[in-house]
Protein chains: 2
Amino acid sequence: MQKTEDIDNRERLARFLKVLGDSNRLGIALSIGKEARSVTEIVRASGLSQTLVSFHLRIMREANVVRTERHGHFIYYSLSDTSLLEVLSRLSQMLNGKKLLMEKTPEPVRRPRLKAWRK
Amino acid sequence: MQKTEDIDNRERLARFLKVLGDSNRLGIALSIGKEARSVTEIVRASGLSQTLVSFHLRIMREANVVRTERHGHFIYYSLSDTSLLEVLSRLSQMLNGKKLLMEKTPEPVRRPRLKAWRK
DNA sequence: ATATAATATGAGTATAAACTCATGTGAAAA
DNA sequence: TTTTCACATGAGTTTATACTCATATTATAT
């Protein structure tokens, strides 16, 4: 049994992962990187429409993945915590290190081999 | 401009994050931990129905988040890469370290302060 | 061969998420 | 004070995801 607090933390983490678990949002986060970027810059870098970029930025903003600061006409977005980049980089290494997701054939579930195991 | 390979990697990473970006699946992953656990054990630990657990396990299996090994009646699930746990732990720290997601009030977008910044 | 225990799966439904369009807003410039 | 630039937003549509139910499969025990 898990404490309510743990469940809260888990849900918070899941929510955060879900926000990053979208190719466009992940691309936006990566294009922001350690800098502060205006929406226009992000639009240009991502190739997405302004509306779509704003749509995703709102989601990221509400999840506190990004922060904003206005300067004249421009609103600059930056990552709330740039150490996120290291975590993502580490995950990416995991995925490309053929330990995860890289194998062409998923593990079979039916008809696995029956060799003795555990006990 | 990004290379096709980068986009592939990004999409793979996003897909992976999306799989973990669900509270039930994250709970399942955490309940598996460094061990190998049968579906029955996971059902008991999670409190979810067997069907729902199997439903999510399939998604995790197809994303190579988990591996399976059958032993008699039982099919044991384990994390494909247990170092995932460290990454999750680090992310969780980020979120509870009030750098991300913990602030009660999201950053305002309209009416930000206008102090000189950048240049 | 039949029954049973553990788990998977296809099909359906409900909900949520992604995306688009048209329009609104805030700040600065003309 | 009107226009323009950069960006946001509400509403609507499409697509995807989560979940459930009934049933199938696989291995073991009887």
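Letters A, B, ... mirror the listed sequences (proteins, then strands); counts begin at 1.
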Exercise. Roughly how many Å is it from CD in A/E41 to C1' in D/dC5, rounded to a whole number?
Worked result: 15 Å

Problem set entry | Residues in side chain to side chain donor-acceptor pair (under 3.5 Å) contact with A/T82, at least two apart in sequence or another chain | none

Exercise. NE2 of A/H71 versus P of D/dC7: gap in Å, rounded?
Worked result: 13 Å

For this session: Give the rounded distance in Å between these two atoms: CE of B/M60 and P of C/dA8.
Result: 13 Å

Exercise. Taking only residues two or more places apart in sequence, or in another chain, which ones meet A/E86 in a salt bridge (charged side-chain N to carboxylate O under 4.0 Å, His left out)?
Worked result: B/R90

For this session: Sequence neighbours left out, what pairs pass salt bridge (charged side-chain N to carboxylate O under 4.0 Å, His left out) with at least one residue falling in residues 47-57 of chain B?
Result: none

Exercise. Between D/dA8, C/dT7, C/dT9, which nucleotide has the shortest distance from any of its atoms to the side chain of B/T40?
Worked result: C/dT7

Exercise. Looking at CD1 of B/I42 and OH of B/Y76, how far apart are the two atoms once the value is rounded to the nearest 0.5 Å?
Worked result: 11.0 Å

For this session: Give the angle between the helix axes at the two ends of the helix from C/dA1-D/dT30 to C/dA30-D/dT1, taking five base pairs at each end and rounding to 10°.
Result: 10°

Exercise. Below 4.0 angstrom from OP1 or OP2 of C/dA6, is there any side-chain N or O of B/Y77?
Worked result: no

Exercise. Reading nucleotides 17-22 of chain C 5' to 3', which nucleotides get B (base under 4.0 Å from a protein heavy atom), which S (sugar-phosphate only), which -?
Worked result: -BBSBB

Problem set entry | With B/S54 via side chain to side chain donor-acceptor pair (under 3.5 Å) - residues at least two apart | B/Q50

For this session: Determine: side-chain N/O of B/R61 to OP1/OP2 of C/dT9, distance under 4.0 Å, yes or no.
Result: yes

For this session: Not counting sequence neighbours, which residues clear side chain to side chain contact (heavy atoms under 4.5 Å, CB included) with B/S49? List them please.
Result: B/T51, B/L52

Problem set entry | Heavy-atom side-chain contact between B/V66 and B/S78 under 4.5 Å | no

For this session: Figure out the CD1/C1' separation between B/I28 and D/dA18, and round it to whole Å.
Result: 12 Å

Problem set entry | Value in whole Å for how far the P atom of C/dA27 lies from CD1 of A/I75 | 9 Å

Can I get a per-line list of side-chain donor-acceptor pairs under 3.5 Å for residues 19-28 of chain A, giving both atom names and the distance, sequence neighbours left out?
{"residue": "A/D22", "atom": "OD1", "partner": "A/N24", "partner atom": "N", "Å": "2.9"}
{"residue": "A/D22", "atom": "OD1", "partner": "A/R25", "partner atom": "N", "Å": "3.0"}
{"residue": "A/S23", "atom": "OG", "partner": "B/R10", "partner atom": "NH1", "Å": "3.1"}
{"residue": "A/R25", "atom": "NE", "partner": "A/V19", "partner atom": "O", "Å": "2.6"}
{"residue": "A/R25", "atom": "NH1", "partner": "A/H56", "partner atom": "ND1", "Å": "3.2"}

Problem set entry | Gap between atoms OH and C1', on B/Y76 and C/dT7 respectively (whole Å) | 13 Å

Problem set entry | Atom pair distance, as rounded to whole Å: CG in B/L57 and C1' in D/dA18 | 15 Å

For this session: Using whole Å, report how far NE2 of A/H73 lies from P of D/dA8.
Result: 14 Å

Problem set entry | Distance below 4.0 Å between A/R58 side-chain N/O and D/dG10 OP1 or OP2 | yes

For this session: Only counting residues at least two apart or in another chain, list the ones meeting salt bridge (charged side-chain N to carboxylate O under 4.0 Å, His left out) with A/R58.
Result: none

